[in-house]
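Have a look at the structure below, then the notes.
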Amino acid sequence: MADQSDRGKETLIRLEQALQRLVDGNPIKTKPDGRISLKRINDEAGLSSGGIYYYSSFVEMAKKTIQLRRQQDSTGKTKVNNERLNKLREQREKREKEEGFKGKI
């Protein structure tokens with residue numbers, strides 16, 4: 001593989017910084033909703049559409065990072081979702097008790 005130009009090295013740095021901002025939850029150019037994808041990294045780095053794909057080694061590394069992140073999120077989300085669901089159920093039960101629940105038969 002040929003050495004990258006200075007511009008190519010700068011772009012790679014922008015991609016790495018964009019990925020780190022997304023992982024940290026502090027994006028500048030995209031929504032801070034915790035989602036990470038190659039498109040998000042591309043947009044966060046300020047590249048033109050599909051520009052990220054010129055950096056195949058970075059793309060492979062980013063895919064691994066995204067996959068790892070999704071695995072970690074999926075285990076944590078279940079617990080958070082269950083806690084939220086239990087809280088909503090408690091609120092519903094309290095409201096039904098206060099209002100005198102009238103179920104349909």
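- The side-chain heavy atoms of I36 and T65, taken from C-beta on, include no pair separated by under 4.5 Å.
- The side-chain heavy atoms of Q67 and Q71, taken from C-beta on, include a pair separated by under 4.5 Å.
- Note that CZ of R40 is 7.0 Å distant from NZ of K31, once rounded to the nearest 0.5 Å.
- Partner L12 forms a side chain to side chain contact (heavy atoms under 4.5 Å, CB included) with one of E16, E10, K9 and no other, that one being E16.
- Hydrophobic clustering, with ILVMFWY side chains joined whenever heavy atoms are under 4.5 angstrom apart, groups L22 together with M61.
- T11 contributes atom OG1, which lies 3.5 Å from atom OH of Y55 (distance to the nearest 0.5 angstrom).
- Summarising the geometry of S48 relative to N42, their closest heavy-atom pair is O-ND2, 3.0 Å, with the distance given to 0.1 Å.
- R14 CZ: more than 12 foreign heavy atoms inside a 6.0 Å radius.
- Inter-residue side-chain proximity for L38 and K63 is flagged as met; some heavy-atom pair is nearer than 4.5 Å.
- When every heavy atom of A45 is checked against every heavy atom of A18, the shortest pair comes out as N-CB, 3.6 Å.
- Across G34 and R69, no two heavy atoms sit closer than the pair O-NH2, 4.3 Å.
- Under the 4.5 Å side-chain heavy-atom criterion for ILVMFWY residues, no single connected hydrophobic cluster contains both L68 and V23.
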message: side chain to side chain contact (heavy atoms under 4.5 Å, CB included), that's the test. Do F58 and L19 meet it? Break it down for me.
response: CA-CA 10 Å; F58 177 81; L19 175 59; 4.1 Å; yes
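- Under the 4.5 Å side-chain heavy-atom criterion for grouping Ile, Leu, Val, Met, Phe, Trp and Tyr, I52 is not connected to I28 through any hydrophobic cluster.
- By the 4.5 Å heavy-atom criterion applied to side chains, K94 and K97 are not counted as neighbours.
- Between K29 and E44, the shortest heavy-atom contact is N-OE1, 3.0 Å.
- Nearest heavy-atom pair across I41 and A62 is CD1-CB, 3.9 Å.
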